[in-house]
There are 2 protein chains.
Amino acid sequence: MSEQRQPAAGADYALEALCGRIYERHRDTIKVQKPHVAVANLVRIVEAVLTLSNRHGFHATTLRDLSRAAGISMGGLYSYFDGKDTLLLMILEQVADAVIEALEAVPEPVRADPAEHLAWLIATHVALSETMQPWFVFAYMEAKAFPPPARKAAVASELATERMFAQVLEAGVRAGCFSVADVDFTATLIKPLLQDWYVKRGKYRKRGVNAATYAARVSDFVLAALTPRPAAESETPLPPKASLPVGKASTPRNPTRKRKVD
Amino acid sequence: MSEQRQPAAGADYALEALCGRIYERHRDTIKVQKPHVAVANLVRIVEAVLTLSNRHGFHATTLRDLSRAAGISMGGLYSYFDGKDTLLLMILEQVADAVIEALEAVPEPVRADPAEHLAWLIATHVALSETMQPWFVFAYMEAKAFPPPARKAAVASELATERMFAQVLEAGVRAGCFSVADVDFTATLIKPLLQDWYVKRGKYRKRGVNAATYAARVSDFVLAALTPRPAAESETPLPPKASLPVGKASTPRNPTRKRKVD
DNA sequence: CAGCATCGAACGAACGCTCGCTTGACTTTT
DNA sequence: AAAAGTCAAGCGAGCGTTCGTTCGATGCTG
């Protein structure tokens, strides 16, 4: 199973390994005993549900579609999860775990230089979201629509990665190699740049941009914005008045019209 | 209706005005004749469907929920659209139109200076997406899941705004005030920064960041990245090898297992 | 021949959508 | 001016369909 494992991180982000972890985490609800059978079928289920959901949305994906795509009967599916929501949760958990695990495995020498550390975080995140692209898209698109446990976990995960960026920025500011007005805000701005890679990957593909190139360009862009300028700090004075017309105090806040029956 | 209309653009982005435009565009399918009645009810329908959909997704929003929230009976709803999909389309069209219309109304003096033009585009986009926040979130989250016409329109709209950014960047490069390696790519990177404002607006709200502040900060960040540096062009050589472990040539690309019946 | 794994018909609930009916403001008739 | 007629507008029970889920029968394997 392991063979060409690069860092000593001990984590593997291939489909099969990820499904193995799902199996272990949900041993109690998964009714199939033999691990190799269970994991093999989980692979087919997860692969199918990611494909179908990323095309039409999780809610629009029916278990009959999933059954056909995975090659497992309706009843068979219920040996692997006790309801549609659980299936969603299985995937979301795995994504959140993978992100934190991958980004925390920063090599010690890299951590020394804030600029290099930042570039490493960006490159690692892009590489991870490239390997697990369908998972990331799924988590990003479906996280909002579901039960509090999943929502909380997703938000927490996002904040955790944001904090990692903030810490690096702060270290850079202290070391004098970054010039940042608001560390937290700038850290927040980096996240959407990383998300764009997997959310709109098709667009980049079409333009011949691959993961490594994307990461390098984003690093360049971000580092350019952070690098202290010699003098002439021309902060944008304030945005040019770009107020949109919004016809007086319209938009009645309480348009409750009485119905016949309540 | 009009009164405090700032630019001479002639566009109004209040809920009622937007529904008025929807009414005009769909006169043929909307069965209600009297404009003031139709627009008033469209307001209640659109407001309700945006609220419900942004909470649980459009697909998960049932017409019964919508009927209750809007205060219009099931049958009544069908006087305003001939199917759930049409309702989705009505909103998507309106968002795409508003974006292009707003961004094309750039004042002539602003266009002269690329930096100012860029800041104006950012500020205008943020201001528009602030005014129409639920619409933007709806369009962003639901665009993928629907019929080719809607998808095509959404992609085209995104490319159009992207091209506007690219043109400004190009003008700035020619004028010597921007230093950009790849104009198209950099233009692409700006979009997600704008989207983050409405997609994660709750997060920014919680931190006391309002629309104007957000736009100003993003402008600063982007302009800092574009401003030519005196010397020392330290392009990131290549990303530090951030390869994730992906257990040998796993991930069987064709895990088709035969079923009993095809 | 156990017993684990899988199957797929069947079920109740909930969906999008329809349609015959009621309502009420306005027009016409007497 | 009162009565009768008209029709746009709105209503909600009910239709057929499809959903998530269940469960007894049926392999398959050691």
Side-chain angles (χ1 to χ4, degrees), chain A residues 23 26-45 48-49 52-53 56-90 145-147 255-262, chain B residues 23 26-45 48-49 52-53 56-90 145-147 257-262:
Chain A
Y23 174 64
H26 293 269
R27 237 185 231 283
D28 47 337
T29 45
I30 295 178
K31 299 193 192 106
V32 175
Q33 302 299 326
K34 300 184 178 178
H36 73 279
V37 175
V39 172
N41 281 334
L42 270 177
V43 165
R44 299 158 68 222
I45 291 171
V49 76
L52 294 174
S53 293
H56 306 112
F58 181 73
H59 211 95
T61 300
T62 73
L63 291 182
R64 283 171 179 80
D65 293 339
L66 178 57
S67 164
R68 189 169 349 99
I72 295 175
S73 69
M74 295 284 296
L77 291 179
Y78 276 81
S79 302
Y80 295 92
F81 48 80
D82 54 15
K84 212 186 169 193
D85 288 13
T86 299
L87 178 58
L88 179 110
L89 226 84
M90 286 174 166
F146 269 92
T256 323
R257 182 220 277 183
K258 284 291 187 294
R259 287 282 287 296
K260 273 274 178 55
V261 201
D262 175 28
Chain B
Y23 174 63
H26 292 267
R27 239 186 229 283
D28 47 337
T29 45
I30 295 178
K31 300 192 190 107
V32 174
Q33 301 299 326
K34 298 185 178 178
H36 72 281
V37 175
V39 172
N41 280 334
L42 270 177
V43 164
R44 299 159 68 223
I45 292 171
V49 76
L52 294 174
S53 293
H56 305 111
F58 180 73
H59 211 92
T61 299
T62 74
L63 291 182
R64 284 172 178 82
D65 292 340
L66 177 58
S67 163
R68 190 170 347 99
I72 295 173
S73 69
M74 293 284 297
L77 291 179
Y78 277 81
S79 301
Y80 294 91
F81 48 80
D82 55 15
K84 214 185 167 194
D85 289 12
T86 299
L87 178 57
L88 180 109
L89 226 85
M90 286 175 166
F146 270 92
R257 182 221 275 182
K258 285 292 188 293
R259 288 281 290 296
K260 275 272 177 56
V261 201
D262 175 28

Side chains of B/Leu87 and B/Ile45: closer than 4.5 Å at any heavy-atom pair? yes
Go nucleotide by nucleotide along DNA chain C from the 5' end; which of B/Ala60 and B/Lys34 gets its closest nucleotide reached first? B/Ala60
In this structure, how many angstroms lie between the [atom2] atom of [N] and the [atom1] atom of [X], rounded?
{"X": "B/Leu42", "N": "D/dG10", "atom1": "CG", "atom2": "P", "value": "10 Å"}
{"X": "A/Leu87", "N": "D/dG20", "atom1": "CG", "atom2": "P", "value": "11 Å"}
{"X": "B/His59", "N": "C/dG16", "atom1": "NE2", "atom2": "P", "value": "8 Å"}
{"X": "A/Leu66", "N": "D/dT18", "atom1": "CG", "atom2": "P", "value": "18 Å"}
{"X": "A/Leu52", "N": "D/dC19", "atom1": "CG", "atom2": "P", "value": "12 Å"}
{"X": "B/Ile30", "N": "D/dA8", "atom1": "CD1", "atom2": "P", "value": "16 Å"}
{"X": "A/Ile72", "N": "C/dG8", "atom1": "CD1", "atom2": "P", "value": "12 Å"}

Pairs under 3.5 Å (N/O, protein and nucleotides 17-19 of chain C):
unit_1	atom_1	unit_2	atom_2	d
C/dC17	OP2	B/Tyr78	OH	2.7
C/dC17	OP2	B/Lys84	N	2.9
C/dC17	O5'	B/Tyr78	OH	2.9

Under the salt bridge (charged side-chain N to carboxylate O under 4.0 Å, His left out) definition, can you give me all pairs with a residue in residues 31-42 of chain A, not counting sequence neighbours? none
Determine: side-chain N/O of A/Asn41 to OP1/OP2 of C/dT6, distance under 4.0 Å, yes or no. yes
Taking OP1 and OP2 of C/dT6, is either one under 4.0 Å from a side-chain nitrogen or oxygen of A/Tyr80? yes
Among D/dG20, D/dA8, C/dA5, the one nearest B/Gln33 by side-chain distance: D/dA8
Side-chain donor/acceptor of A/Thr86 to backbone N/O of A/Phe81, under 3.5 Å: no
Just jot down the salt bridge (Lys or Arg N to Asp or Glu O under 4.0 Å) partners of A/Asp85, sequence neighbours excluded, or say none. none
Within the 4.0 Å heavy-atom criterion, would you say A/Thr62 contacts the bases, only the backbone, or no part of the nucleic acid? sugar-phosphate
Kindly write out the residues that satisfy side-chain hydrogen bond (donor to acceptor under 3.5 Å, both in side chains) with B/Thr29, not counting sequence neighbours, or none if the list is empty. none
Just to verify, what does A/Tyr23 make a ring-ring contact (aromatic ring centres under 6.0 Å, His included) with, not counting sequence neighbours? none
Under 3.5 Å, sequence neighbours excluded: what are the donor-acceptor pairs made by side chains of residues 56-64 of chain B?
unit_1	atom_1	unit_2	atom_2	d
B/Thr61	OG1	B/Gly57	O	2.9
B/Thr62	OG1	B/Arg64	N	3.4
B/Thr62	OG1	B/Asp65	N	3.0
B/Thr62	OG1	B/Asp65	OD2	3.3

